[in-house]
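Before any comments, here is the structure.
Counting starts at 1 for both ligands and their atoms, following the listed order. Quick note: numbers below take in every heavy atom, side chains included, and nothing from hydrogens, waters or symmetry partners.
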Amino acid sequence: MSRVPRLHIQGDFASGDVTLDADTAHRLRNVLRLAAGDAVQIFNAASGEFAATLIELSKSRGVARLDARLREPGRDTGPWLVAAAIKRGPLDTLVEKAVELGVGEIHPIVTERTNVERVNVARLDAIAVSAAEQCERIDPPAIAAPVTLREKLANWPRDRRILLCAEAGMSIPLAQALAGLDFAAPWAIMVGPEGGFAPAELEMLAAHPLVTGVGLGPTILRADTAALAALAAFQFASPRGRISPRAL
Ligand code: SAH
């Protein structure tokens, strides 16, 4: 039996009927081939997740009646990912996989050797929503507008520590950093561009009080590989890594 479609719907809902916009109605009718009477699950971080029934589905709109609450509202407390912008394809994949691996917010940055002009945040938002629907999260992570590394650090939250994936310079093995980590505290994982961090950037970062340099083994990983490897290690080492998505 194929799983009931999960739909991320904007808004603040708790009971009664939820109106679905034309785009959603189109997707339900023409892509998922659904009709009035079919079951769906609708969710967002502020409302939580509900079992629902489509009671109207036309060309221009839909209506879903909320039947039962399945999950409480809540936002993931996974680590933020601060990643130098990389090429479109790898960045699309990175965002999708980071969502599956429990990332908190995603913060693209521009560093000295970043070789990407612009980042299409709207497209990445859509990828994050689609990934959250598939992997059964209720909170697609926010994607920040790209800023320079310096600006990011200048406006950085005072309590959020950073695991800097440093391909050079002082660093400790990531596994060692995770062994004694306080997973209840706010964290971020930072990764450089394909061309790596500039020496001056690594020096500036090494001197930053919130930064811990970590190594990811003896090989030079592509930026997207490094980000996903670090996110996976973090997720699996954290208490969340011991939760299975479903009861048998
Ligand atoms: N072109 C650079 C490497 C850049 S790798 C060079 O040859 O030196 C892209 C990013 O992935 C790096 O900035 C770093 O954040 C991360 N990374 C890759 N391999 C890593 C490793 N073994 N340890 C820690 N970080 C790594």
For [Y], is there an ion pair with [X] - N to carboxylate O distance below 4.0 angstrom?
X: Arg160; Y: Glu105; value: no
X: Arg6; Y: Glu49; value: yes
X: Arg27; Y: Glu133; value: yes
X: Arg137; Y: Asp139; value: yes
X: Asp92; Y: Arg123; value: yes

Any idea which part of [X] is under 4.0 Å from ligand 1, heavy-atom wise: side chain, backbone, both or neither?
X: Ala226; answer: side chain
X: Ala166; answer: backbone
X: Ala227; answer: neither

Check your understanding: For atom CZ of Arg240, is the number of surrounding heavy atoms from other residues, nucleotides or ligands below 6.0 Å larger than 12?
Key -> yes
**Study point:** Whether His107 and Trp80 hold their rings parallel, tilted or perpendicular, with breakpoints at 30° and 60°
**Key:** parallel
In terms of residue, atom name and distance, what is the protein heavy atom nearest to [atom]?
atom: atom 10 (C) of ligand 1; result: Gly192 O, 3.8 Å
atom: atom 22 (N) of ligand 1; result: Thr219 O, 2.8 Å
atom: atom 23 (N) of ligand 1; result: Leu216 N, 2.9 Å
atom: atom 1 (N) of ligand 1; result: Glu194 O, 2.9 Å
atom: atom 7 (O) of ligand 1; result: Ile220 CG2, 4.2 Å

Considering only heavy atoms of [X], which atoms of ligand 1 have at least one such atom less than 4.0 Å away?
X: Leu221; value: 5 (S), 9 (C), 11 (O), 18 (C), 19 (N)
X: Phe197; value: 13 (O), 15 (O)
X: Cys165; value: 14 (C), 15 (O), 24 (C), 25 (N)
X: Val214; value: 24 (C)

**Study point:** Per atom 8 (O) of ligand 1, closest listed option by heavy atom (Arg222, Glu167, Arg113)
**Key:** Glu167
**Study point:** Proximal candidate to atom 9 (C) of ligand 1 [heavy atom criterion; set Ala83, Pro193, Gly196]
**Key:** Pro193
Revision key, fill the gap. Given the options Met190, Arg113, Glu112, Met204, Phe197 meets side-chain contact (heavy atoms from CB on, under 4.5 Å) only with Met190
Exercise for review: Would you mind telling me which of Val191, Leu210, Leu202, Thr212 makes a side-chain contact (heavy atoms from CB on, under 4.5 Å) with Leu164?
Suggested key: Leu202
Review point. Below 4.0 Å from any atom of ligand 1, is there a heavy atom belonging to Leu164?
Key: no
**Study point:** Sub-4.0 Å heavy-atom approach of Ala230 to ligand 1
**Key:** no
Point to revise | Between Glu151 and Thr148, a side-chain donor and acceptor under 3.5 Å | key: yes
Review point. Looking only at N/O atoms, are Val191 and ligand 1 under 3.5 Å apart anywhere?
Key: no
Check your understanding: Could an N or O of ligand 1 be found under 3.5 Å from any N or O of Gly215, whether backbone or side chain?
Key -> no
Practice item. Indicate, with yes or no, if Leu181 and Leu81 share a hydrophobic cluster defined by side-chain heavy-atom contacts under 4.5 Å among Ile, Leu, Val, Met, Phe, Trp and Tyr. Key: yes
